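Not measured: the values here are computed from a predicted model.
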Amino acid sequence: WKQLKIYLELAHSKLMKNISIIYIGSFCLLLSLLSFFNIIYSYYFNLYLNIDAYIYTLFISLFIGCIILFKKKSEFKISIYHKIITVFLGYLFLPILIALPYYLSIYNISLLDCYFEAISGFTSTGFSIFNNIKHLDQSLIIWRSTSQWVGGIYFLFSIILLIDIFDTTIKKSFTEFISFNFLETLKQYFKILIIYTLLTLLIFLILSLINLRVFDSFNLSLSIISSGGFLPVDQLDSLFDTDLKRLFFTLSMLISFFSLFLLFNLFFLKFKKPKFFIEDFYLIVFLTFLIIIFFVFLNYNRNFIITLTSIVTSISNIGFSFQTDNSNLNFIYIILVIIGGSLFSTSSGLRFFKVYNLIKFSLNDLLSHSKPNHIYTNKIIFSDNFIDQSEINKYFLSVIIFLLSLTLVCSLLTILDINFETAFKLSILTLMNTVNSSAYGLQDFNFYTLGFYSKIVLIFFMIIGRVELITLLILLKKFLFKN
């Protein structure tokens, strides 16, 4: 037993040292598996136009994945800097494999446009260079949706990999552990994959119940669970022609707003502590407040289902909306996009829980100076925990970094001949990984006609929206400061 224990400790040490290599290699193999499924689908439905593209992608991604996983690994201790570099390189490299079917297809797409479409899918943003989806091969439409689904898993796995730089709130929302060893990391990865897949199936069943075509239900379920923005059709209105269908569709998007573990925690309620539901309780209160405010004061088009869809799609950072005149509410919806959803979900944004605690702490600090005889506590409601000063510093830094990023990308897009209003909206949607739609007044924006440098800017900041600029600042700190 003693020798077995020593062997397991050595194996665990080696795995921890090579977890970054395993991380990238595993996703290469996953892309090869999804390429295989696309080949089967193409053969079954006699879609032979682009089948060669998926065969090449299958073998290339399989070959690269095997080389990465089975080559001799170097022995060095993995630091947080190596993990950040791994995640960032994954966002740069894996879209190259995703771009292969676009580039090898019959549609004669430029290399930059292929990479732009792949990055947009993998970061679950949804910006597209395709203007007529109905003219695309069905297998390519599935590949677009699949790229979002894979990107959603990659994002969630990246949170676990970089958990040491996130605040303790996100750790406490799904685990008792403060730091993960390899086995605990693997356990969390497996749990995320199972829950993510089951929720995808749940959304698919919900959409199928409203008599949506199986093909459309499948593609939308992949987009919704990942908070992506790719549609299987040109206009969302063509799929949902009744208020009942729109309501079910809207409710399905809430799955991306709440924590990925919410339904799992409810299912195993008797084994869970109240702290696992604190953030979701806040989100329910926030959603209820929004619904009441919009229903009473902002229901301009007299069709609240459409308004509700725009609310939910904004706070979930998906961006889907029905064709309607929302010009009076564009700015409000963009604010909701910035706020975002749960800390552990595929949505982006600053995250409501962070924004709420930052505002509460700031107000208490101001009141403590104006009324020094009163005592103001920063206790989290329905919890024994208090808001720590270090956590507030991180929240404030996140806001500052977002404003700096917004200023930078908006300035660059304006310099590149995009008018300021459009550049401002597009900058926010890019950083928040949310698709352009009528809810934000950008439904007619054409990404295909953008210049080379504009696409490069959007590609870079779509990735920044997922990894967050703070991770790159940590890397700069490593190389610029010795201590």
Side-chain angles (χ1 to χ4, degrees), residues 24-66 68 90-91 93-111 113-130 132-155 193 196-197 199-201 203-204 207-208 212-226 228-234 346:
I24 298 293
S26 299
F27 276 93
C28 290
L29 295 183
L30 178 59
L31 287 175
S32 67
L33 179 62
L34 295 173
S35 301
F36 176 74
F37 288 152
N38 251 43
I39 294 170
I40 298 299
Y41 180 87
S42 299
Y43 267 116
Y44 187 80
F45 290 101
N46 299 321
L47 302 171
Y48 300 120
L49 289 176
N50 296 309
I51 195 168
D52 289 344
Y54 305 115
I55 294 175
Y56 287 126
T57 304
L58 166 64
F59 285 109
I60 292 173
S61 55
L62 182 63
F63 177 72
I64 294 175
C66 290
I68 292 175
Y91 273 111
F93 171 70
L94 293 173
I96 294 176
L97 298 178
I98 295 173
L100 288 176
Y102 301 131
Y103 188 69
L104 298 174
S105 68
I106 63 171
Y107 300 105
N108 194 27
I109 309 170
S110 70
L111 188 60
D113 284 341
C114 292
Y115 192 63
F116 180 89
E117 192 79 8
I119 286 285
S120 180
F122 194 65
T123 57
S124 301
T125 305
F127 298 162
S128 181
I129 52 100
F130 296 113
N132 294 302
I133 305 300
K134 62 182 179 180
H135 293 154
L136 291 181
D137 183 41
Q138 281 192 357
S139 62
L140 200 61
I141 294 175
I142 291 178
W143 184 253
R144 292 170 79 240
S145 302
T146 302
S147 69
Q148 296 177 125
W149 192 82
V150 175
I153 296 178
Y154 187 85
F155 175 67
L193 181 60
Y196 189 80
T197 304
L199 289 177
T200 305
L201 180 61
I203 296 172
F204 174 75
L207 297 177
S208 297
L212 214 61
R213 200 164 60 121
V214 173
F215 177 79
D216 295 327
S217 299
F218 178 72
N219 282 281
L220 283 174
S221 64
L222 298 181
S223 293
I224 291 172
I225 190 60
S226 61
F230 285 154
L231 285 171
V233 292
D234 291 321
T346 52

Asks: State the CD1-OG distance between Ile40 and Ser35, to the nearest 0.5 angstrom.
Replies: 12.0 Å
Asks: Can you find a pair of side-chain heavy atoms, one from Arg213 and one from Pro232, that are under 4.5 Å apart?
Replies: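 Contact flag for Arg213/Pro232 side chains = no.
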Asks: What pair of heavy atoms forms the shortest contact from Pro95 to Ile119, and how long is it?
Replies: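 It is CG-CD1, 3.5 Å.
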Asks: Applying ring-ring contact (aromatic ring centres under 6.0 Å, His included), can you list everything that pairs with Phe45, at least two apart in sequence or on another chain?
Replies: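 Result, ring-ring contact (aromatic ring centres under 6.0 Å, His included) vs Phe45: Tyr41.
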Asks: Are there more than 12 heavy atoms of other residues, nucleotides or ligands under 6.0 Å from atom OH of Tyr48?
Replies: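 Count over threshold, so yes.
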Asks: Just verifying a value: how many Å separate Ile224 CD1 and Thr346 OG1, rounded to the nearest 0.5 Å?
Replies: 10.5 Å
Asks: A side-chain contact here means heavy atoms from C-beta on lying under 4.5 Å apart; do Phe36 and Tyr54 qualify?
Replies: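 Contact flag for Phe36/Tyr54 side chains = no.
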Asks: Determine the minimum heavy-atom distance between Leu212 and Ser217, stating which atoms define it.
Replies: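 Scanning both residues completely, I find the closest heavy atoms to be CB-OG, 3.3 Å.
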Asks: Can you find a heavy atom in the side chain of Leu31 that is under 4.5 Å from one in the side chain of Ile98?
Replies: yes
Asks: Nearest 0.5 angstrom please: Ser42 OG to Gln138 CD, how far?
Replies: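 The CD atom of Gln138 is 9.5 Å from OG of Ser42, to the nearest 0.5 Å.
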Asks: Please confirm whether the backbone N or O of Gly229 pairs with a side-chain atom of Gln148, one donor and one acceptor, at under 3.5 Å?
Replies: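 Yes, the answer is positive, given that a donor and an acceptor are paired below the 3.5 Å cut-off.
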Asks: Take Ile203 and Leu220 through the side chain to side chain contact (heavy atoms under 4.5 Å, CB included) test and state the conclusion after the steps.
Replies: CA-CA 8 Å; Ile203 296 172; Leu220 283 174; over 6 Å; no
Asks: Can Leu104 and Asp52 be said to form a side chain to side chain contact (heavy atoms under 4.5 Å, CB included), step by step?
Replies: CA-CA 8 Å; Leu104 298 174; Asp52 289 344; over 6 Å; no
Asks: Can you name the residues that form a side chain to side chain contact (heavy atoms under 4.5 Å, CB included) with Phe93, not counting sequence neighbours?
Replies: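 In terms of side chain to side chain contact (heavy atoms under 4.5 Å, CB included), with neighbours along the sequence ignored, Phe93 is linked to Ile24, Cys28, Ile64, Ile96, Leu97.
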Asks: Can you see which heavy atom on Ser105 is nearest to which on Ala53, and at what distance?
Replies: N-CB, 4.5 Å
Asks: Nearest 0.5 Å, what's the NZ-CG distance between Lys134 and Asp234?
Replies: 6.0 Å
Asks: Would you compute the distance between atom CZ of Phe218 and atom OG of Ser223 and round it to the nearest 0.5 angstrom?
Replies: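 One gets 10.0 Å once the value is rounded to the nearest 0.5 Å.
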Asks: Side chain to side chain contact (heavy atoms under 4.5 Å, CB included) between Phe215 and Ile142: does it pass, once the steps are laid out?
Replies: CA-CA 9 Å; Phe215 177 79; Ile142 291 178; 3.6 Å; yes
Asks: Check the angle between the aromatic planes of Trp149 and Tyr196 and answer parallel, tilted or perpendicular using the 30° and 60° thresholds.
Replies: tilted
Asks: Answer yes or no: is there a side-chain heavy-atom contact under 4.5 Å between Thr57 and Trp143?
Replies: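 When only atoms from C-beta onward are counted, Trp143 and Thr57 do touch, with a gap below 4.5 Å.
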Asks: Taking CZ in Phe204 as the centre, count heavy atoms belonging to other residues, nucleotides or ligands within less than 6.0 Å. Is the count above 12?
Replies: yes
Asks: Atom CG of Leu136 and atom OG of Ser128: how far apart are they, to the nearest 0.5 Å?
Replies: 7.5 Å
Asks: Residues two or more places apart in sequence or in another chain: which of them pass side-chain hydrogen bond (donor to acceptor under 3.5 Å, both in side chains) with Ser226?
Replies: none
Asks: Using modelled atom types and a 3.5 Å cut-off, is there a donor and acceptor pairing between side-chain atoms of Ser120 and backbone atoms of Phe116?
Replies: no
Asks: Quick check: do Tyr107 and Asn50 have side-chain heavy atoms less than 4.5 Å from each other?
Replies: yes
Asks: Looking at Tyr102 and Ser147, what are the two nearest heavy atoms and their distance?
Replies: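 The answer is OH-OG, 4.4 Å.
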Asks: Which class fits the ring pair Tyr154 and Tyr91: parallel under 30°, tilted 30 to 60°, perpendicular over 60°?
Replies: perpendicular
Asks: Using side chain to side chain contact (heavy atoms under 4.5 Å, CB included), reason through Thr146 and Val150 one step at a time and then give a plain yes or no.
Replies: CA-CA 6 Å; Thr146 302; Val150 175; 4.3 Å; yes
Asks: Within the structure provided, determine whether Asp113 and Phe130 are in side-chain contact (heavy-atom separation under 4.5 Å).
Replies: no
Asks: Can you find a pair of side-chain heavy atoms, one from Leu231 and one from Ile133, that are under 4.5 Å apart?
Replies: no
